[in-house]
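Below, chain A is the first sequence line, B the second, and so on; all start at residue 1.
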Amino acid sequence: MAKIGVFVCWCGSNIAETVDVKRAAETIAKIPGVVYSVDYKYMCSDPGQDMVKNAIKEYNLTGVVVASCSPRMHEKTFRKAASEAGLNPYMLEMANIREHCSWVHDNKEEATQKAIDLIRMMVEKVKRNKPLQNIKIPVTKKALVIGGGVTGIQAALDIAAGGIPVILLEREPSIGGHMSMLDETFPTLDCSQCILTPKMVEVAQNPLVTIMTYSELEKLEGFIGNFKATIKKKARHVNVEECTGCGTCWTKCPTKVTSEFEQGLGIRKAIYIPFPQAIPSRPVIDEANCMKFTQNRCGICAKICPKQCISYDDKEEFIEIEVGSIVVATGYDLMPTSAFGEYGYGKYPDVVTSLQFERMVCASGPTLGDLQRPSDKKKPKTVVFIQCVGSRDPEHHKAYCSKICCMYTAKQTMLYRHKVHDGNAYVFYIDIRSNGKNYEEFLRRAQEENKAQYIRGRVSMVYQDGPDLVVEGADTLTNSQVRIRADLVVLATAMVSPIGVKELAQKLGIGYDQHGFLTEAHPKLRPVESATAGIFLAGCAISPRDIPDSVSEASGAAAKVLGMLSKDELEKEGVVAIVRECSCTGCQNCIRVCPFTAIALKDIRDKAGNLIRQVANVNPGLCTGCGTCTPTCPSRSIDLQGFTDEEIFAEINAMAELH
Amino acid sequence: MKEIIEKAKELLSQGTVDLVIGYEQCGDKQCRPLFVQKPEEADKLVFNEFCVHNLATYLTRPEVKQTKRVAIVAKGCDIRAIVNLIIENQSTREHVYIIGMNCPGVVSGKAPNPTKPHTKCQTCKVRTPQMSDVTLGPTPPESIPMDKTITHPDVEELKKKTREEKWAFWREQLSKCIRCYACRQACPMCYCNRCIVDLNTPQWIDTRSNLRGNLDWNIVRAYHLSGRCIDCGECERVCPANIPLMLLNRTLQEEVKEKFDFESGYDLEACPPLTVFEKDDHENFIR
Amino acid sequence: MEEKWEPTIIAFVCNWCTYAGADLAGTSRFKYAPNVRIIKTPCTGRIDPMFILSALERGADGVIVSGCHPNDCHYNEGNFNARRKYIMFRALLTQLGVDLDRVTFAWCSASEGIKFAGLVTEVTDRIRKMGPYTEFKQLNQDAR
């Protein structure tokens, strides 16, 4: 027999002014099963909580209803109190008579009647509540970071600093990402390599970090604390253990290939390291271009390798790893420039992207920092920078702002003027966004000290006229047409999500938006978490960011990982689905609707091992308690604990008694 | 009908199956299901326009599930039920040997004096059965094209009524329900071990034969069949109270076709439409 | 003494959006009609069409079903699944002649306290004009 205690809170005058709390408590006391019903000024105060605890003990209460504020405010408080008094915390419910009643109604009679109804509904529910246990999940104390750019590197370092082993996964032959391609960085003009390389070395030398380059996630199974990842190690054809990175192979390799790292402005070999500071500094054979693979000839590298490290027969390998948590830091790509016919990219060699410009001015670039325009190696005397190429253009391309272009364009005008002191740098812009620490000051330096000339307006077209490029655009401030003869045009192309991210997100079971950027669990309050427990996000994988933001997010995600993996077991609420196996037909409706793949078929076998039938089976570690499965089951063989059919039906029925 | 008999004998004697479910004659204008376990029992098998039963309903019976493999005499429409049973994990393609029957149509109306051709046969898209292991019988008239949207005149007529008229109509019809659950027993898609109507914690549905209980029961059954009903009409045929149950079912199947562009029982790879969604599903009723 | 009839409205809401939106209406002190009784579920995906039917049969004159906007579901997909169920359930009730003007579906986010308050008042006013749902109350009487 239920023994329910009801505690009606005044919340000072917040409730008591509009609800006749005394009458409510007295009326509720008459409901069968209610053995104790009182009102008190502040239930959440220590004396208030003590009233609950004492009553639980004194009256052997089997259930409690606290009628006060929203459960969002104090459900935890009161459930903890109940628990301390020996009552299962899930046997306590709250009737929300403040936010949902006293604060939104004026008429005391009506509000009191409503409060009584709300309490009565909760009394009927709590009578049918069942004690639930929180679910404990064991944790694998190991993390996986996907993406070896500066974000991934930082995340791996921070996780390792907390004593947790990390696997850093990178699909390219080297870690380093886009930052390794940059020349100098805003707003301090640090040399990008100079600040990144030490971090790359640090992460390579950290005993807790395992770097897996030229590798991709093939499959992910499991759930928070217990993921099982299958990693595809692409065939490198070089024995990384034995190789010393001496460089004989790539020096002698006869096949020249356009270098991805140099953004097409330089060349590499078919066996190559992407850049001198690469980690690991071990080459990889590019099967698509190596003659051994395309024509079955050559084979020079294998012949001359002093340590016989080359093996053309290497096959891709699949490695299974178990991790407790994952950080996704897959970065960005630039929008394919084929999209911008009006700017002549691809048609005119002297129209380049901003990332190409970085390589053109970089001391480690193909010209060793000697700025030459691609067509005739001439030093450009006039450079036009065009911002928002593909960004902020909802009609044709991306509606969003790529966020970093204003600042790096300002930086590039400075880098340019440092190389060409009398050169003219023009910037076409829509708005200038310089809202970071020292960013506005930096921009002013570009404009005032380095004489970058900013023109507010869009460029309508770029065309070749003799050796020059002609840029035609509008100056919307003076309302005039502008025509500039330029030697070089630099496009600040939009940042987009890299190829393959959607497929990766689907493997991970995390959300992404229409642009392919990964979706945060909450854009403000949970910015580095995905909606899938145990998987965290950082950097440009979420949306365009600059280096400081990406690195901070990496540390944020690492802190989340460490917080999670600091415990031996994770605890989650007991509100999970449960299957009544006796009546389940195994029709798979619940399996099909479950957003978290928390339900699977389970075989029921007889003693001889013969399959008798199949039923649904809930993995409580994966179940988030949404209850979408329950109404989908025709025979009601799956129910959501904490919100069972019986409990909700009781709430509905509580109304029937009144009307 | 020699070919059915021969096929059944062959399947049983060669041990391909250990049970054949088919039809036997039981009166001039009436057939009934026949369960054949031995080759010599197969001589009674027939197929004609009185073979109205949807035998797929037996596939989910424990005795049939326990067989090593079962052969079933099935019209194109009955195969739609088999498809759904496979999709819903109640059977497997390997377990069922489908003796598909070319079918010009069956009769409607109550035995022993069925009169008119069945409504469902006029709109049949599978007179030549799909997916069968063997197809028997003379070539039937051409089927209605698969992509054609079918609207039933009786559904259209009901739709024309005002809300009050509809309510009055169904009040009258559902008042007749005696809660015998024959509809549930005959329906190949009603295979639960324990029906929701038999659940008492909570008791969603009043088990007494009053209008509230009758309404709830028929709402729940129709709702559970939405996107799953294969228009075999067995529920309506077996209803002793003559409630036009197919009127409800057809309404829902037309809605599924209109809103989700889906017809059940034709595609083994499909998911029941209420277990999936499209992000741009119709929602002009939501504010 | 004849009491003036007031409609009873039951609102089934999800925990993350509409329940929180109703909380926000409270903290913002947006006044609305006192006729609504809220039943909390984790997600619209949990809100079974049977809840709606039972509520109407057991004395509600109007029902509100509300949860997160599309793409905002805390569980990613619950509201999408729910929407399909309601589409079919509405088609069924329409054909049976059940008064669907008494059942209101709305998306209402945690930040839409004002929408929630307006919704409740609007629905209450509408149902008040329609009068008690006697057709279903009669069913209930008959069943006693």
Check your understanding: Quick one: what part of B:Ile87 sits under 4.5 Å from any heavy atom of chain A, side chain, backbone, both or neither?
Key -> both
Check your understanding: Using non-hydrogen atoms only, which part of B:Leu199 is less than 4.5 Å away from chain A: side chain, backbone, both, or neither?
Key -> side chain
Practice item. Step by step, work out the side-chain contact (heavy atoms from CB on, under 4.5 Å) result for B:Val36 and B:Leu12. Key: CA-CA 9 Å; B:Val36 185; B:Leu12 287 166; 3.6 Å; yes
Review point. Does A:Arg128 come within less than 4.0 Å of A:Glu124, counting only side-chain N to carboxylate O?
Key: yes
Point to revise | A:Leu92 and its side chain to side chain contact (heavy atoms under 4.5 Å, CB included) partner, picked from A:Val126, A:Val64, A:Asn129, A:Val65 | key: A:Val64
Exercise for review: Kindly indicate, with the supporting measurements, whether the criterion ring pair (Phe, Tyr, Trp, His ring centres under 6.0 Å) is fulfilled by A:Phe596 and A:Phe223.
Suggested key: CA-CA 9 Å; A:Phe596 302 95; A:Phe223 52 94; over 10 Å; no
Check your understanding: Going through the checks in order, is the ring pair (Phe, Tyr, Trp, His ring centres under 6.0 Å) test met by B:Phe260 and B:Phe277?
Key -> CA-CA 9 Å; B:Phe260 313 134; B:Phe277 61 85; over 10 Å; no
Review point. Based on non-hydrogen pairs under 4.5 Å, which of B:Cys271, B:Pro202, B:Pro62 is most in contact with chain A?
Key: B:Pro202
Practice item. Using a strict 4.0 Å threshold on nitrogen-to-oxygen distance, state whether A:Asp117 and A:Lys114 make a salt bridge. Key: no
Check your understanding: Between OG1 of B:Thr201 and CZ of A:Arg636, what distance do you get to the nearest 0.5 Å?
Key -> 11.5 Å
Review point. Are any of the side-chain nitrogens in B:Glu263 or B:Lys125 under 4.0 Å away from the carboxylate oxygens of its partner?
Key: yes
Review point. Between A:Glu646, A:Arg613, A:Glu647, which has the largest tally of heavy atom pairs under 4.5 Å with chain B?
Key: A:Glu646
Check your understanding: Can A:Lys125 be said to sit on top of A:Phe643's aromatic six-ring, NZ or CZ under 6.0 Å from centre and within 45° of the ring axis?
Key -> yes
Review point. For chain B, which residues of residues 575-588 of chain A have at least one non-hydrogen atom nearer than 4.5 Å to it?
Key: A:Arg580, A:Cys582, A:Ser583, A:Cys584, A:Thr585, A:Gly586, A:Cys587, A:Gln588
Revision key, fill the gap. Within residues 174-197 of chain B, the residues sitting under 4.5 Å from chain A by heavy atom, in sequence order, are B:Tyr191, B:Cys192, B:Asn193, B:Arg194, B:Ile196
Review point. For B:Gln66, is it the side chain, the backbone, both or neither that has a heavy atom under 4.5 Å from a heavy atom of chain A?
Key: neither
Check your understanding: Between B:Asp206 and B:Arg212, does at least one N-O distance fall below 4.0 Å, as a salt bridge requires?
Key -> yes
**Study point:** Contact origin within A:Ile612 toward chain B - heavy atom pairs under 4.5 Å
**Key:** neither
Point to revise | Pi-cation contact, B:Tyr266 with B:Arg80 (under 6.0 Å, within 45°) | key: yes
Check your understanding: Are any of the side-chain nitrogens in B:Lys259 or B:Asp281 under 4.0 Å away from the carboxylate oxygens of its partner?
Key -> no
